[in-house]
Colleague: 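To start, I am sharing the structure in question, which I have written as structure tokens.
Note: hydrogens, waters and symmetry copies are ignored here, and every other heavy atom, side chains too, is used. Please read these numbers as outputs of a predicted model, since none were measured by experiment.
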Amino acid sequence: MAGDSPQGTALDTGPGSAPDGAGPAAGGASAEVGGPAEAAGPGAAGTAGGTSAKADTPGGTTTPANSGKGDADGPESTTATGLKKRRGAGRKAGEKGGDALDNAGTAEDAAVSGGKRRARGLWTLARRHPVFSVIIATAALLRLIAMLGYQPVMFFNDSFDYLHVATDPYPHPLRPDGYAFLLYVLKPFHSFALVAAIQHLMGLAMGVMVYALLRRRFGLPGWGAALAAAPGLLDAYQIQLEHLVLSDTMFTFLVMSAVTLLLWRDRPSWKIAAAVGLIVGMAWLTRSVGMPVLLGVLVYLLIRRAGWRPIAITLAACMLPVVAYMGWYKVDGGKFAITESNGIFLYARVYKFADCHQMKDLPVREYPLCTEPANRLPNSQDGIWNRQSPLNRYTGTRFSPENNALANDFAKRAIIAQPGDYLQVVAHDFFRVFRWERTVFPDPATYSQYEFESKSRKLPDWHMPGGGVASQEAKAYERGSAETQVVEPFAGVVRGYQDVFYLRGTMLGGILLLGLAGLVPLWRRFGGEALLPWTLATGLLLAPAATAEFDYRYVLPAVPLAALAAGMAFTPEVRATVAGWTRRLRRGPGAKDTPAPDAPEIEAKVPEVAAK
């Protein structure tokens with residue numbers, strides 16, 4: 001062992017390394033056993049040195065045959081003074097060797113003790129949070145099984161647009177490039193498995209955020225906070241979404257990070273406001289629905305009377321990456337924008353009900369967008385993706401500035417002319433979220449990509465804009481076969497789990513109603529802190545219904561926010577207010593009651609409740 005460690009090097013290079021080398025070695029060995037170098041080094045060096053001298057010359061003196069330091073000392077090395085010098089040098093070398101051994105042993109002991117401390121710390125943490133520890137461990141195991149069963153990752157139709165941008169970055173006209181930037185950063189590793197692992201860690205981190213907020217900030221018991229974190233951690237479709245090359249997991253993680261920062265303290269500092277703004281800006285560049293998230297954050301800060309400075313800093317920090325991206329878009333496409341798809345998606349929203357006979361002064365150039373009811377395709381998204389879409393009546397690329405402007409103007413005219421029909425389709429898609437059973441929608445091919453399948457799916461061979469083939473770009477990113485391989489028995493386990501364990505729409509509706517009930521007792525404060533996650537969750541469910549069409553993947557980002565708001569319905573402040581109402585109801589309308597504790601007093605008791 002000593003020969004492989006640093007102390008061996010120290011012994012070999014010490015002074016007096018020729019005949020007196022035994023001295024330092026003995027000293028070092030003594031130090032390793034546990035005795036000080038001073039106690040063993042000099043005696044051992046003298047003995048070794050004496051033995052060497054007697055072996056060379058009977059008179060106890062050395063001869064010039066001794067190499068190394070003795071030769072350099074000349075005649076003096078044959079005297080007692082020279083021998084003392086060499087003994088002193090041997091003692092110093094022994095001390096150095098002993099010190100090196102001590103230091104190495106200390107470092108090794110520190111590493112071992114550090115590992116033990118970390119293990120004890122994790123065990124102590126698990127004992128303090130037993131329910132959540134079981135849930136988070138189960139969630140991590142399920143994600144590991146998914147990674148083993150579907151290697152290296154799973155793909156959706158949109159995945160290849162993100163890969164195309166990551167291969168050769170440019171501002172995509174259909175969707176912002178935030179997620180493609182993540183793929184671009186991870187590209188040097190050439191590993192889709194790494195992409196999936198990072199997204200699964202994001203999913204676990206969101207559960208930790210929900211638990212930490214409810215447990216430490218809002219005083220819920222451990223089992224209650226763990227129960228609120230469970231829907232996002234254990235939902236099978238959430239696990240499958242994390243395993244897809246899609247932007248939704250990253251978007252949800254960014255939104256949850258911003259909410260956690262805002263709610264962790266009662267009043268955000270300017271640093272927190274700047275961090276929240278940057279995170280929301282990145283979320284906006286990941287999915288366009290990030291813009292309503294910004295509005296929700298600003299309204300919350302305004303209602304909470306955070307002051308003009310945090311509001312201004314949040315807005316400025318958010319617009320910093322957004323404006324930079326829009327500038328890049330203008331340099332590349334000649335227009336100061338983020339995408340060229342908002343109008344086209346809004347056209348898909350009105351496609352099912354738009355009646356050109358009810359629109360006044362419709363421009364002639366928009367006539368091709370009119371469709372008679374008998375000729376309409378079954379789904380709103382068919383207005384974009386189907387070959388029979390009226391958008392295909394125009395020449396050029398579908399997501400061009402001209403087509404986007406025409407579709408946007410047509411959609412606004414339809415909404416103004418038929419507001420009742422517009423509200424009807426929005427309400428239909430919004431309440432579709434809360435159905436108990438999942439149905440195949442919008443079509444079997446799309447719906448199947450939201451599930452763990454029993455067979456491998458071949459990579460598509462469609463051509464990408466500007467050249468390249470989708471399958472080839474995926475293989476180039478991986479530097480090998482990127483096709484999803486179904487590996488049993490792991491794939492069978494996660495498929496069976498997905499058949500049973502998922503959050504049904506009706507359950508999500510109940511969670512939202514529970515969060516809404518928690519807002520009512522604090523109506524004087526607009527619902528308190530729970531207003532932020534509840535409004536964001538509801539907004540993320542409503543935005544797709546209002547601007548495009550219902551899709552199952554758009555439901556999942558609202559789950560951790562809704563669960564957080566539901567958990568906050570049981571904070572000590574809410575419970576105290578409800579208890580006061582109950583006492584007044586029992587005593588009758590004319591009875592007087594002691595006022596409920598003020599919010600600061602309740603918040604002061606939160607750490608004590610959490611500790612219990």
Side-chain angles (χ1 to χ4, degrees), residues 158 161-162 165 171-185 199 202-203 205-206 209 232 241-242 246-263 268 272-302 311 313-329 336-346 349 404 531-549 551 553-562 564:
D158 298 349
D161 282 339
Y162 295 118
V165 174
H172 200 283
L174 176 57
R175 53 183 63 87
D177 291 347
Y179 180 67
F181 290 157
L182 174 64
L183 296 179
Y184 179 79
V185 171
Q199 293 181 172
M202 290 180 181
M206 288 186 282
M209 292 178 199
L241 187 65
E242 294 170 13
L246 277 179
S247 62
D248 300 76
T249 300
M250 177 179 172
F251 171 78
T252 312
F253 173 76
L254 291 172
V255 174
M256 276 301 303
S257 299
V259 170
T260 301
L261 285 175
L262 273 180
L263 296 183
I272 295 297
V276 169
L278 286 173
I279 293 173
V280 174
M282 290 187 290
W284 187 352
L285 295 179
T286 303
R287 278 187 56 193
S288 298
V289 76
M291 183 179 67
V293 172
L294 172 63
L295 296 178
V297 168
L298 295 178
V299 170
Y300 170 78
L301 291 174
L302 185 63
I311 295 176
I313 292 175
T314 301
L315 180 59
C318 176
M319 295 309 297
L320 186 64
V322 173
V323 172
Y325 184 88
M326 295 173 72
W328 182 40
Y329 198 103
F336 200 69
I338 294 179
T339 64
E340 290 291 356
S341 62
N342 59 312
I344 293 176
F345 277 101
L346 190 60
R349 176 71 289 177
N404 189 58
L531 178 67
L532 177 63
W534 192 88
T535 53
L536 290 182
T538 306
L540 289 176
L541 294 175
L542 186 60
T547 59
E549 190 179 30
D551 198 309
R553 60 182 277 206
Y554 298 151
V555 175
L556 294 174
V559 172
L561 293 166
L564 175 60

Colleague: Report the residues that fulfil side-chain contact (heavy atoms from CB on, under 4.5 Å) with Thr547, sequence neighbours left out, ordered by chain and then residue number.
Modeller: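 For Thr547 there are no side-chain contact (heavy atoms from CB on, under 4.5 Å) partners, ignoring immediate neighbours.
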
Colleague: Not counting sequence neighbours, which residues clear ring-ring contact (aromatic ring centres under 6.0 Å, His included) with Tyr162? List them please.
Modeller: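 With neighbours one apart ignored, the set is Tyr179.
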
Colleague: Write down the atom of Val255, the atom of Ala283, and the distance for their closest heavy-atom approach.
Modeller: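 Heavy atoms only, the tightest pair is CG2-CB, 4.3 Å.
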
Colleague: Write down the atom of Pro173, the atom of Tyr329, and the distance for their closest heavy-atom approach.
Modeller: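 Pro173 and Tyr329 have their closest heavy atoms at CA-OH, 3.5 Å.
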
Colleague: Between CZ of Phe181 and OG of Ser247, what distance do you get to the nearest 0.5 Å?
Modeller: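 It is 13.0 Å, given to the nearest 0.5 Å.
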
Colleague: Taking only residues two or more places apart in sequence or in another chain, which ones pass side-chain hydrogen bond (donor to acceptor under 3.5 Å, both in side chains) with Asp158?
Modeller: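 Per chain and number, Asp158 pairs via side-chain hydrogen bond (donor to acceptor under 3.5 Å, both in side chains) with Arg175, Arg553.
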
Colleague: Can you measure from CD1 (Ile279) to CG (Leu254) and round to the nearest 0.5 angstrom?
Modeller: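 It is 7.0 Å, given to the nearest 0.5 Å.
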
Colleague: Hey, could you give me the OG1/CE distance between Thr252 and Met202, rounded to the nearest 0.5 Å?
Modeller: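 It is 10.0 Å, given to the nearest 0.5 Å.
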
Colleague: Going from CD on Glu549 to CZ on Arg349, what distance comes out if it is rounded to the nearest 0.5 angstrom?
Modeller: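 Glu549 atom CD to Arg349 atom CZ measures 5.5 Å (nearest 0.5 Å).
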
Colleague: Could you give the distance from CG (Asp248) to CG (Leu241), rounded to the nearest 0.5 Å?
Modeller: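 Reported value, rounded in 0.5 Å steps: 5.0 Å.
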
Colleague: Look only at the side chain of Thr538 and the backbone of Thr535, and say whether a donor-acceptor pair between them is shorter than 3.5 Å.
Modeller: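 Looks like no, no N/O pair under 3.5 Å.
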
Colleague: What residues form a side-chain contact (heavy atoms from CB on, under 4.5 Å) with Ala275, not counting sequence neighbours?
Modeller: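 Only Leu261 meet the side-chain contact (heavy atoms from CB on, under 4.5 Å) criterion with Ala275.
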
Colleague: I need the minimum non-hydrogen distance between Pro533 and Leu564, along with the two atoms involved.
Modeller: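 For Pro533 and Leu564, the tightest heavy-atom pair comes out as CB-CD2, 4.0 Å.
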
Colleague: Can you name the side-chain contact (heavy atoms from CB on, under 4.5 Å) partners of Leu174, sequence neighbours left out?
Modeller: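 side-chain contact (heavy atoms from CB on, under 4.5 Å) check on Leu174 returns Asp161, His172, Ser341, Phe345, Trp385, Phe399.
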
Colleague: List the atom pairs, with distances to 0.1 Å, where a side-chain N or O of residues 319-326 and a protein N or O form a donor-acceptor pair under 3.5 Å, not counting sequence neighbours.
Modeller:
from   : atom 1 : to     : atom 2 : distance (Å)
Tyr325 : OH     : Asp177 : N      : 3.3
Tyr325 : OH     : Asp177 : OD2    : 3.4

Colleague: Could you walk me through whether Leu315 and Leu294 pass the side-chain contact (heavy atoms from CB on, under 4.5 Å) check?
Modeller: CA-CA 8 Å; Leu315 180 59; Leu294 172 63; 4.2 Å; yes

Colleague: Is the shortest heavy-atom distance from the side chain of Leu541 to the side chain of Tyr554 under 4.5 Å?
Modeller: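 Contact flag for Leu541/Tyr554 side chains = no.
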
Colleague: Taking salt bridge (Lys or Arg N to Asp or Glu O under 4.0 Å) as the test, write out the residues that go with Glu242, two or more places apart.
Modeller: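 Applying salt bridge (Lys or Arg N to Asp or Glu O under 4.0 Å) to Glu242 gives Arg143.
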
Colleague: Looking only at heavy atoms, what is the nearest atom pair of Pro268 and Ile272, with distance?
Modeller: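 Result for this residue pair: CB-CG2, 4.0 Å.
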
Colleague: Check side-chain contact (heavy atoms from CB on, under 4.5 Å) between Ile311 and all other residues, then give those that pass, not counting sequence neighbours.
Modeller: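 For Ile311, the residues satisfying side-chain contact (heavy atoms from CB on, under 4.5 Å) (neighbours in sequence not counted) are Leu298, Leu301, Leu302.
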
Colleague: Contact between Ser257 and Met209 at the side-chain level, heavy atoms closer than 4.5 Å - yes or no?
Modeller: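 Sidechains of Met209 and Ser257: in contact.
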
Colleague: List the steps and the verdict of side-chain contact (heavy atoms from CB on, under 4.5 Å) for Tyr300 and Leu263.
Modeller: CA-CA 11 Å; Tyr300 170 78; Leu263 296 183; 3.4 Å; yes

Colleague: Could you tell me the separation between the OG1 atom of Thr314 and the CG atom of Leu262, rounded to the nearest 0.5 Å?
Modeller: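 It comes to 6.5 Å.
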
Colleague: Which residue pairs pass the side-chain hydrogen bond (donor to acceptor under 3.5 Å, both in side chains) test when at least one of the two sits in residues 272-286, sequence neighbours left out?
Modeller: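 Sorted pair list comes back empty.
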
Colleague: Would you mind listing every salt bridge (Lys or Arg N to Asp or Glu O under 4.0 Å) that reaches into residues 534-544, with sequence neighbours excluded?
Modeller: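 Sorted pair list comes back empty.
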
Colleague: Can you name the nearest heavy-atom pair linking Ala274 to Ala317, along with the distance?
Modeller: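 Taking Ala274 first and Ala317 second, the nearest heavy atoms are O-CB, 3.4 Å.
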
Colleague: Search all heavy atoms of Leu346 against all heavy atoms of Ala546 and return the closest pair with its distance.
Modeller: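 Looks like CD1-O, 4.0 Å.
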
